[in-house]
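Below is one structure, written out as structure tokens, with a few remarks after it.
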Amino acid sequence: MKVLITGGNGQLAKDLHKILTLEHEVFSLGRAQFDVTNMGKVREIVNQVNPDVIIHSAAYTGVDLAESEEEKAYLVNSYGTRNVAIVSEEIKAKLCYISTDYVFDGRADSPYKEYDNTNPLGVYGKSKRAGEQLVQSLSTKYFIVRTSWVYGLHGNNFVKTMLKLAGERDRLKVVHDQIGSPTYTVDLAKFLSSLIQTEKYGIYHATNMGACSWYEFATAIFEESGVSIQIEPCTTEEFPRPAPRPKYSVLDHLAIRANGFEDLRHWRDALRDFIKELNRND
Ligand SMILES: NC(=O)c1ccc[n+]([C@@H]2O[C@H](COP(=O)([O-])OP(=O)(O)OC[C@H]3O[C@@H](n4cnc5c(N)ncnc54)[C@H](OP(=O)(O)O)[C@@H]3O)[C@@H](O)[C@H]2O)c1
């Protein structure tokens, strides 16, 4: 298949490109070549490439900044997504929109299923949810794939931040009252690779299996990388941020199971592999 990936310089897109090229002809385009907010450009390039599938990974991902740049966040995450949805529909391509656990408010105490009610707390989550709604109303062949706590080799993420901080300090406080599932880009990319070959359209939750707090995640990062540092759990209130975050955003993988896909491995196994990969690339 011919696959076009938007947001080509992003951390997920880079690993997607690497994994999809094993089986497909891939066009991964960054913002400079394919600005999703520019409808004319989106149409021109999509018509040139004529892909069978578009994986729409581009997004305004500044969760805190979005609180003060609301229109920019909506422009990219909602209207940019609308543009991609309209054009993919025009050429009858499948559309795979990458979305987020932040569409939920986090007040649940058991994992969210794909068709549970959404209620995003902040601008980023609201603008991504609006993107989902536009995909659902404009596209007939869509996958919406919600993921969470993403990390990979390319780009800034929590794992890299923790390792960097460990090199600068000998004590660290990390939030212990937000629970979610870390997700390795490589594992998500492998799942997306099998998903897009099917016609099993709909909403999917795709994260590494299992759940933890940011504190537990940080502890595991240090254990896996053999870093010794004093780490203390703390509350969200101790680290006020502009954007509210869901307290509990674990995603149940009902759609993966029901549609017979292989689930992603446990987050701890994925983290172990990632740390090895990180060391190899040092
Ligand atoms: N990171 C997470 O923890 C997480 C969690 C859940 C869901 N997601 C979703 O997963 C997807 C991939 O995230 P990621 O972690 O790979 O994010 P990322 O590294 O920030 O990549 C996003 C990419 O989108 C590009 N972009 C921004 N505005 C654009 C525009 N107008 N036109 C075209 N491209 C544009 C950015 O380009 P520049 O480099 O030029 O800014 C960036 O390269 C996103 O849809 C995100 O919402 C991420």
Side-chain angles (χ1 to χ4, degrees), residues 4-19 27-42 45-46 54-66 69 71-85 87 95-104 106 112 118 120 122-132 134-135 143-161 178 180-189 191-192 203-208 214 217 243 245-246 249-251 264 267 274:
L4 190 155
I5 303 171
T6 71
N9 295 319
Q11 62 172 346
L12 173 62
K14 290 241 169 133
D15 277 328
L16 254 177
H17 185 232
K18 194 169 157 194
I19 281 160
F27 298 79
S28 188
L29 305 175
R31 190 208 301 241
Q33 304 131 288
F34 192 91
D35 181 343
V36 296
T37 65
N38 182 337
M39 179 61 138
K41 201 76 193 159
V42 168
I45 296 200
V46 167
I54 299 180
I55 303 186
H56 179 33
S57 182
Y60 178 108
T61 53
V63 174
D64 287 317
L65 204 56
E69 293 190 345
E71 289 191 15
K72 272 194 190 169
Y74 273 91
L75 182 63
V76 179
N77 294 345
S78 318
Y79 302 118
T81 299
R82 173 202 60 197
N83 296 344
V84 175
V87 172
L95 173 63
C96 178
Y97 173 55
I98 310 300
S99 191
T100 171
D101 56 328
Y102 280 27
V103 298
F104 295 113
Y112 286 100
T118 54
V123 171
Y124 168 74
K126 286 178 183 167
S127 65
K128 290 290 290 185
R129 175 62 191 141
E132 290 186 355
L134 287 158
V135 166
F143 309 99
I144 290 173
V145 180
R146 297 188 187 128
T147 189
S148 64
W149 297 22
V150 176
Y151 64 89
L153 207 51
H154 313 279
N156 296 318
N157 53 59
F158 183 78
V159 183
K160 288 189 183 176
T161 304
Q178 288 171 31
S181 304
T183 305
Y184 183 22
T185 46
V186 168
D187 292 354
L188 180 57
F191 166 67
L192 293 172
I203 304 180
Y204 285 81
H205 286 171
T207 65
N208 279 121
W214 289 111
F217 189 25
R245 272 130 171 108
S249 63
V250 182
L251 303 177
L264 285 74
W267 68 266
F274 173 62

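Quick caveat: nothing in here was measured; it's all calculated off a predicted structure. Just the heavy atoms: all of them, side chains too, but no hydrogens, waters or symmetry mates, feed the values below. Residues: numbered from 1 along the sequence shown. In listed order, ligands and their atoms are each counted from 1.
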- So which of Lys128, Glu132, Arg146 actually passes side-chain hydrogen bond (donor to acceptor under 3.5 Å, both in side chains) with Ser99?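 Of the listed residues Lys128, Glu132, Arg146, the side-chain hydrogen bond (donor to acceptor under 3.5 Å, both in side chains) partner of Ser99 is Glu132.
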- Item | Test ring pair (Phe, Tyr, Trp, His ring centres under 6.0 Å) applied to Phe158 and Trp214, Tyr184, Tyr151, the passing residue |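 Testing each of Trp214, Tyr184, Tyr151 against Phe158, the sole residue satisfying ring pair (Phe, Tyr, Trp, His ring centres under 6.0 Å) is Trp214.
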- Query: Roughly how far, to the nearest 0.5 Å, is the OG1 atom of Thr147 from the CG atom of Leu188?
  - Reply: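 That separation rounds to 4.5 Å.
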- So how far is it from Arg31 CZ to Asn9 CG, rounded to the nearest 0.5 Å?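 Going from CZ on Arg31 over to CG on Asn9, the span is 9.5 Å.
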- Query: Among all residues two or more places apart in sequence or in another chain, which pass the side chain to side chain contact (heavy atoms under 4.5 Å, CB included) test with Ala66?
  - Reply: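 Side chain to side chain contact (heavy atoms under 4.5 Å, CB included) list for Ala66, sorted by chain: Tyr60, Ala73, Val123, Tyr124.
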- Stepwise, does the salt bridge (Lys or Arg N to Asp or Glu O under 4.0 Å) test hold for Asp101 with Arg245? CA-CA 10 Å; Asp101 56 328; Arg245 272 130 171 108; over 6 Å; no
- Run through ligand 1 for me and note each protein residue having a heavy atom under 4.0 Å from it, chain first, then residue number.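 Gly7, Asn9, Gly10, Gln11, Leu12, Arg31, Phe34, Asp35, Val36, Thr37, Ser57, Ala58, Ala59, Thr61, Val76, Ile98, Ser99, Thr100, Tyr124, Lys128, Thr147, Ser148, Trp149, Val150.
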